[in-house]
Amino acid sequence: MLKAVRGFKDLLPEEASVWAYLESRAREILARYGFSEIRIPVLERTELFARSIGETTDIVEKEMYTFVDRNGESLTLRPEATAGVVRAFIEHGLHTRPKPLKLFTIGPMFRHERPQRGRLRQFHQIDVEVFGAASPGTDAELVALALEILGAGGAEGLRLEVNSLGCPECRRPYREKLREFLLARRDRLCEDCQRRAERNPLRALDCKKENCQAEYREAPELPDFLCETCRGHYEEFKTYLQEAGLSFVENPRLVRGLDYYTRTIFEIKAPGLGAQDTVAAGGRYDGLVSALGGPETPAVGFAIGMERWLLIARPPESLRLPPELFIAPLGDEARRWAFQLAFALRKKGLRVETDYEGRSLKALLRQANRLSAERVLILGEEELQRRKVLIKDLATGDQMFLPFEDLRDLVNRILIEMRF
RNA sequence: GUGACCGUAGCUCAGUUGGUCAGAGCACCGGGCUGUGGCCCCGGGGAUCGUGGGUUCGAAUCCCACCGGUCACCCCA
């Protein structure tokens, strides 16, 4: 059997309707917060991701869907959205627009990882970015926005973790200190951490191995190394959150897998999702726009993982409205009437279903019942001849005749009957 | 990418120590009610038992490989 490729999945109607519901809630809130949608390609030059996410990150080193195009250039299915949005921002001179510029985009991302619940190779994100706002108020506002969106889907018990990565100036000395610290006890660390000590010391702190964590109890922590400006930014950020009553946990070990972050970073986790419990995450990336060739522009953003949000969301029971009327035609002529009636009534705004398969009345009623139709219009040879159709209320079982002159008249009478 | 567990109708599962083992419930279609649903009763369609090899007189049942899922690691949304 032909199956969807590994890590790629179909969304069947039940799930797709929840998806659409969540997405519309998100759009509604984003609009209230002043965000505009931007739609960008899922494919970019590989170089864009290598330069923005970082050459030595796992994403770039081993998780990208990269291929060589017919003309020889290396292209990659986007593993995240920020790089593309920043590219578009620069390419179209969006820095000339009134600032801050608030954008969001929703779509698929691709990462070649081993699939698991809440982790697909094609997954979807709601990606939110603000350009041209350097102050911590915006950082806090984005956190509030993320929490509000997730909450609107019915998510509960979310845990907000925050940290500051500082700026390149204060991070560099810290990085060195940490590297020294790690190398000093190298032989007691796990293999991964030994490797991290050289290449990416910050990530070691995030190690889940107990032994390593025990070693790191004494490790230098970034917040202690922040320069005055960064510390001020971080403190102000936290004050905004506190004053808004948004509870959070400071996690000095929190780091992110992408190199471009500066200062504020945060993650929103949902208990009960297992190892993949980060539903939303983001942070500030003040250096990225200029690093990619644009004008010096501070920026902050975050992304919500749709699939993970779906796992914790509690959408309303009935997202799909049942038909108001089911037309049950018996015979060829009746079916032609049914077609026209359905057409006209739908145009008038009624949710109408019918069936052309020539099934028995019994089968048609069963179908109407299954669809939870409110009423059934029984349209048989007799009814047509006597110019009297039968309209039945499926909930009560009551039925009555509806006399009519012609098709137009019948449409009107049904409308009057249904609207009352 | 590493490890563990798992893979029987659309769905949830049963299938003893390899030998009527290809089944059940739900869903779907139809009949009982030749033009009246939801309950009930009856019947029907639907499975190369994930795929491909191998062992065997004989495999869903044992072995191997591959594919896929789940969980953990890695990492991350």
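In what follows, chains are A, B, ... by sequence order, proteins preceding strands, each numbered from 1.
B:rC62: Watson-Crick or G-U partner is B:rG54, with both key distances under 3.5 Å. Here B:rG68 sits opposite B:rC6 as a Watson-Crick or G-U wobble pair (both hydrogen-bonding atom distances under 3.5 Å). Base-pair partner of B:rG46: not found among the strands shown (Watson-Crick or G-U wobble, both distances under 3.5 Å). In this entry B:rG1 has B:rC73 as its Watson-Crick or G-U wobble partner, both defining distances falling under 3.5 Å. Pairing for B:rU36 is absent, judged as Watson-Crick or G-U wobble with the two contacts each under 3.5 Å. Of the nucleotides present, B:rC11 is the one that pairs with B:rG25 by Watson-Crick or G-U wobble criteria, both distances under 3.5 Å.
We find that A:R159 and A:E161 are joined by a salt bridge, their nearest charged nitrogen and carboxylate oxygen being less than 4.0 Å apart. With salt bridges taken as basic N to acidic carboxylate O contacts below 4.0 Å, none links A:E307 and A:R117.
Scanning all heavy atoms of the two residues, the minimum distance from A:R39 to A:R27 falls at NH2-NH2, 4.2 Å.
Going from the C1' atom of B:rG46 to that of B:rG30 covers 15 Å, rounded to whole Å. Taking atom P in both B:rG38 and B:rC29, one finds a spacing of 12 Å when rounded to whole Å. For the P atoms, the distance from B:rC11 to B:rA47 is 13 Å, rounded to whole Å. When the P atom is compared between B:rG32 and B:rA24, the two are found 24 Å apart, to the nearest whole Å. A gap of 23 Å separates the C1' atoms of B:rU55 and B:rC67, to the nearest Å. The gap from the C1' atom of B:rC49 to that of B:rG23 amounts to 12 Å, rounded to the nearest Å. Straight-line distance between the C1' atoms of B:rG54 and B:rC73: roughly 34 Å, to the nearest whole Å. Taking the C1' atom of each, B:rC13 and B:rG31 are spaced 29 Å apart, rounded to whole Å.
Rounded to an integer number of Å, the gap from CG of A:D10 to C1' of B:rG68 is 14 Å. Atom NZ of A:K269 is separated from atom P of B:rC75 by 13 Å (rounded to the nearest Å). Taking atom CG of residue A:L273 and atom C1' of nucleotide B:rA72, one finds them 15 Å apart after rounding to whole Å. In this structure, CG of A:L310 is placed 13 Å from C1' of B:rA77, rounded to the nearest angstrom. A:K62 has its NZ atom 9 Å from the P atom of B:rC76, to the nearest Å. Rounded to whole Å, atom C1' of B:rC73 lies 12 Å from atom CG of A:D58. One interatomic measurement links the two molecules: CD of A:E113 to P of B:rU2, which rounds to 15 Å at whole-angstrom precision. A:I265 places its CD1 atom 11 Å from the P atom of B:rC76, with the value rounded to the nearest Å.
No donor-acceptor contact under 3.5 angstrom links the side chains of A:E221 and A:Y174, judged on distance only. Between the side chains of A:S164 and A:T264, no donor N or O sits under 3.5 Å from an acceptor N or O. Side chains of A:Q116 and A:Q276: a donor-acceptor N/O pair is present below 3.5 angstrom, by distance only.
Residue A:R6 places no side-chain atom within donor-acceptor reach of the base of B:rC67, judged by atom type and a 3.5 Å distance cut-off alone. With hydrogens and angles ignored, a donor-acceptor pair closer than 3.5 Å exists between the side chain of A:R308 and the base of B:rC76.
Within 4.0 Å (heavy atoms only), A:L120 reaches at least one base atom of the nucleic acid. Using a 4.0 Å heavy-atom criterion, one finds that A:A363 contacts the sugar-phosphate atoms exclusively. Looking at heavy-atom distances under 4.0 Å, A:G7 makes contact with sugar-phosphate atoms alone, never a base. Counting any heavy atom pair closer than 4.0 Å across all strands shown, A:A368 reaches no nucleic acid atom.
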With the sugar-phosphate defined as primed atoms, P, OP1 and OP2, and the base as all remaining atoms, what B/S/- string results for nucleotides 33-39 of chain B, 5' to 3', for protein heavy atoms under 4.0 Å?
-> --BBBB-
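Taking every side-chain heavy atom of A:Q276 into account, B:rC74 is the closest of B:rC29, B:rA4, B:rC74. Set against B:rA4, B:rA77, B:rC74, the side chain of A:R114 has B:rA4 as its closest nucleotide.
Taking the ring centroids of A:F104 and A:F35, they lie at or beyond the 6.0 Å cut-off.
In terms of position along RNA chain B, the nucleotide closest to A:H112 lies nearer the 5' end than the nucleotide closest to the other residue of the pair A:H112 and A:E63.
Between A:H112 and A:Y65, the ring planes are tilted. Angles from 30° to 60° get that label.
Residue A:Q399 holds its CD atom at 9.5 Å from OG1 of A:T396, rounded to the nearest 0.5 Å.
Judged by the 6.0 Å distance and 45° axis criteria, A:R185 is positioned over the aromatic ring of A:F181.
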